[in-house]
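In what follows, a structure is listed as structure tokens, so that the remarks can point back to it.
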Protein chains: 2
Amino acid sequence: MKKEFNNRCEVVLNLLSGKWKAHILYFLTKGPARTSELKRLVTGISQKMLTEQLKELERDGLVARKVFNQIPPKVEYSLTEHGSSLTKVLGEIVEWTENYVEQRHPDGEVVFHDNDDGL
Amino acid sequence: MKKEFNNRCEVVLNLLSGKWKAHILYFLTKGPARTSELKRLVTGISQKMLTEQLKELERDGLVARKVFNQIPPKVEYSLTEHGSSLTKVLGEIVEWTENYVEQRHPDGEVVFHDNDDGL
DNA sequence: CTGTATCCTCGAGGATACTG
DNA sequence: CAGTATCCTCGAGGATACAG
């Protein structure tokens with residue numbers, strides 16, 4: 001299946017296209033997490049969306065899925081090499097954002113739900 | 001109006017959220033362009049979408065709009081300081097993409113419609 | 001606990017016609 | 001040439017129930 005893009009930047013926009021992917025990746029930069037943890041951390045996400053987006057991230061090689069054969073089931077997700085190199089690059093974006101927000105939206109018109117300078 | 005984000009990276013994803021914005025910005029990195037030029041360059045975009053996305057890019061301070069009072073009308077769009085600093089940062093993303101595609105999709109499974117290493 | 005299967009809503013984006 | 005106004009489609013994403 002051939003995929004076509006207008007420019008190289010769109011590839012990444014595509015990888016992060018889902019409504020929740022950036023958010024999921026953000027938590028995974030802090031370390032591996034199992035499904036239930038992510039469901040709790042990513043506030044507001046539904047079961048369906050979580051599974052779907054994780055599947056896509058895995059397919060795209062950004063996230064690794066490890067299944068522990070036990071009862072009750074346990075599945076752990078973590079960043080792959082590709083995943084962590086991408087999030088590292090996204091750090092630049094974060095820096096740019098700091099500046100942008102400071103200049104265009106001083107005085108708290110823009111709010112971040114993490115206080116960690118994350119992703 | 002207060003805007004809320006889960007992490008800083010999402011701000012940029014939001015700025016580029018429209019289906020065509022990255023593509024439009026890409027052409028503007030090559031220099032200012034008037035409406036009709038963009039309509040021709042951004043293949044497949046409709047009149048409506050072009051105006052809409054440009055309006056949003058302008059509102060977000062990434063693109064400047066200059067009107068020439070003449071008949072027939074002439075409007076020219078260009079990158080602002082914010083706009084060109086962002087596209088500069090996106091260059092990092094482009095580099096990452098080169099690598100990613102090379103490793104995960106060797107042999108032309110992924111195609112770019114510009115041959116210019118753009119955006 | 002993790003994941004699948006359905007059904008439904010809603011808005012981004014396309015097509016087309018029209019104004020100045 | 002540049003932009004607005006309508007109408008319509010379609011799929012991403014939400015809610016819920018169920019399975020292993």
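The chains referred to below are lettered A, B, ... by the order of the sequence lines, with proteins before strands, and numbering in each begins at 1. These numbers come from a predicted model, not from an experiment.
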From C-beta outward on [X], which listed nucleotide comes closest to its side chain: [options]?
X	options	value
A:Pro73	D:dG20, D:dA2, C:dG14	D:dG20
A:Ser36	D:dG13, C:dT2, C:dG3	C:dT2
B:Thr51	D:dT4, C:dG14, C:dC1	D:dT4

Handout entry: Carboxylate-amine/guanidinium contact B:Glu98 A:Arg8, below 4.0 Å
Key = yes
Handout entry: OP1 or OP2 of D:dC1 under 4.0 Å from side-chain N/O of B:Arg40
Key = no
Problem - Side-chain N or O of A:Arg34 closer than 4.0 Å to phosphate OP1/OP2 of C:dT2 - result: yes
Practice task
Assign each of B:Lys48 and B:Thr35 to its nearest nucleotide of DNA chain D by heavy atoms, then name whichever residue's nucleotide is nearer the 5' end.
Solution key: B:Thr35
Reckon [X] touches a base, only the sugar-phosphate, or nothing at all at heavy-atom distances under 4.0 Å?
X	result
A:Tyr77	sugar-phosphate
A:Gln53	sugar-phosphate
B:Lys55	sugar-phosphate

Given atom [atom1] of [X] and atom [atom2] of [N], what is their separation to the nearest angstrom?
X	N	atom1	atom2	result
A:Lys74	C:dC1	NZ	P	13 Å
A:Leu50	C:dG3	CG	P	8 Å
B:Met49	D:dA2	CE	C1'	16 Å
A:Ile71	C:dG3	CD1	C1'	14 Å
A:Glu52	D:dG13	CD	C1'	8 Å
B:Ile45	D:dG3	CD1	C1'	14 Å
A:Gln47	C:dC1	CD	P	10 Å
B:Gln70	C:dG20	CD	C1'	15 Å

Exercise for the section: Would you mind telling me which of A:Val12, A:Asp60, A:Leu86 makes a side chain to side chain contact (heavy atoms under 4.5 Å, CB included) with B:Tyr100? Expected result: A:Asp60
Practice task
Taking the six-membered ring for Trp and the full ring for Phe, Tyr or His, determine whether the centres of A:His113 and B:Phe5 are under 6.0 Å apart.
Solution key: no
Problem - Cluster overlap A:Leu28 with A:Leu41, hydrophobic side-chain contacts below 4.5 Å - result: yes
Problem - Residues B:Thr51 and B:Gln47: side-chain donor-acceptor under 3.5 angstrom - result: yes
